[in-house]
Student: 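One structure coming up, written as structure tokens, with questions to follow.
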Amino acid sequence: MGVGDTVDMRILMVGAGATGGAFGARLLEAGRDVTYLLRTSRAEKLRRDGLRFISPDGDRVLPVQVITADQTAAEFDLVLLAVKATGLDAALHDAGPFIGADTTVIPFLNGMRHIDLIRALPAGNPLGGLVKILAALDEDGSVRQMTGLATMTIGTFDGSAVPARISDTLRVPGLELFETGEVLQSLWDKWVFIAAAGVITCLFRNNVGNILAAGGRSQIDAAIAETEAVAVAAGYPTKTPSHDQAVGLLTAPGSTFVSSLYRDVISGQATEAEHILGDLQSRARALEVETPLVDLTLVQIRAGELVAAAPEGSAGVRRGHQDASSAARGIAGADAP
């Protein structure tokens, strides 16, 4: 396949946060035709200032094409969903008019709920996808990639080969692309790790090193076993390399690792708790798998969200929440990687 075939593919990147910003920037730098679908405020900023992308290999500002949901455009060849789970329903609604019968749709979210949703879309050809990257959105809207890690794994749901035009389009410098015939297995492997990490750090409100030092190794092992038991019951037992990696990351003495879910909880941001833990709990119930640690973590997170949403008159309850949150923020500020 020639280079012209890939460049001709029109790509719609839904979201320009850390993930969408970084991967979209790599595609743009390789000459791909990328348009961002964004909310009005973010769209206005990128139209005016461009997308600043800071990575280990440079600091640059890229001019970008931007569209909002109230605008019209022809259907795109490839739609990449790079939003947080809390924005998924709105993103699918906004992207709907740009998805045609021949559009390939690839989501890059944690968990599995989004897979059910894109496979039920009235149009488009869904693929499974997952990414690994250490990136963040700076206060000024710049996208910052902290390390050279930037991988993308894609695959069809029936195990057939990914169309060459898709893989050739996504294979660009600065982005390592993998194709798999077991994309659902890969998604489950990632999900059970993220869920276990969320349980451990949210339930004990600390980083891995401190939890271990406090005598929490048995609880860490139990959280890993619990989330993996759900995967087994669902028909996707965790692969040995993924299990070993999870154990290594979550039992490393002195580690400052905390989950992104925990960071969102203590910073007061909207969390993916329902997408990561709530959906896992629901599937566990349907499969008759007990998940006591997941259950406890969800109660804690949901209770905190209820307090945060309480009327201003609930001062006593809110004060207790603020005191606990302040203590947690102190820990995270010192220990988060």
Student: Assigning hydrophobic clusters by single linkage (Ile, Leu, Val, Met, Phe, Trp, Tyr; side-chain heavy-atom cutoff under 4.5 Å), is Phe108 placed with Leu134?
Tutor: no
Student: Please check if atom CZ in Arg144 has more than 12 non-hydrogen atoms from other residues, nucleotides or ligands closer than 6.0 Å.
Tutor: no
Student: Please say which of Asp168, Leu170, Thr169, Leu175 ends up in a side-chain contact (heavy atoms from CB on, under 4.5 Å) with Val172.
Tutor: Leu175
Student: Can you find a heavy atom in the side chain of Arg302 that is under 4.5 Å from one in the side chain of Leu306?
Tutor: no
Student: Identify the heavy atoms of Pro63 and Val61 that sit nearest to each other, and give their distance.
Tutor: CD-O, 3.9 Å
Student: Between Leu249 and Phe193, is there a side-chain heavy-atom distance shorter than 4.5 Å?
Tutor: yes
Student: Taking the side chain as every heavy atom from C-beta outward, state whether Ser142 and Leu137 have any pair of such atoms under 4.5 Å apart.
Tutor: no
Student: Any luck finding a side-chain donor-acceptor pair between Ser267 and Gln269 under 3.5 Å?
Tutor: yes
Student: Answer with yes or no whether the side chains of Ser55 and Arg60 bring together a donor and an acceptor at under 3.5 Å.
Tutor: yes
Student: Would Arg119 count as a cation-pi partner of Phe157, with NZ or CZ less than 6.0 Å from the six-membered ring centre and within 45° of the ring normal?
Tutor: yes
Student: Just wondering, do Thr151 and Leu177 contact through their side chains at under 4.5 Å, heavy atoms?
Tutor: no
Student: Do Arg52 and Asp140 touch side chain to side chain, with heavy atoms closer than 4.5 Å?
Tutor: yes
Student: Only pairs under 3.5 Å count here: list side-chain donor-acceptor contacts from residues 232-244, not counting sequence neighbours, and write none if there are none.
Tutor:
from	atom 1	to	atom 2	distance (Å)
Ser242	OG	Asp189	OD2	3.2
His243	ND1	Glu228	OE1	3.1
His243	ND1	Glu228	OE2	2.9

Student: Using every non-hydrogen atom in the two residues, find where Val143 and Ala22 come nearest and quote the distance to one decimal.
Tutor: CG1-N, 3.7 Å
Student: Would you check if Leu127 and Val105 make a side-chain contact, meaning some heavy-atom pair closer than 4.5 Å?
Tutor: no
Student: Using distance alone, with no hydrogens and no angle criterion, decide if Ser186 and Thr153 have a side-chain donor and acceptor under 3.5 Å apart.
Tutor: no
Student: Would you say the side-chain atoms of Thr297 and Gln300 include a donor-acceptor pair closer than 3.5 Å?
Tutor: no
Student: Under 3.5 Å, side-chain donor or acceptor atoms of residues 85-101 against the rest of the protein: list the pairs with distances, not counting sequence neighbours.
Tutor:
from	atom 1	to	atom 2	distance (Å)
Asp89	OD1	Arg113	NH2	3.1
Asp89	OD2	Arg113	NH2	3.2
Asp94	OD2	Arg39	NH1	3.1

Student: For the residue pair Arg285 / Thr291, report whether a side-chain donor-acceptor contact shorter than 3.5 Å exists.
Tutor: yes
Student: Walk me through it: do Asp57 and Arg26 pass the test salt bridge (Lys or Arg N to Asp or Glu O under 4.0 Å)?
Tutor: CA-CA 11 Å; Asp57 59 342; Arg26 294 298 186 186; 2.9 Å; yes
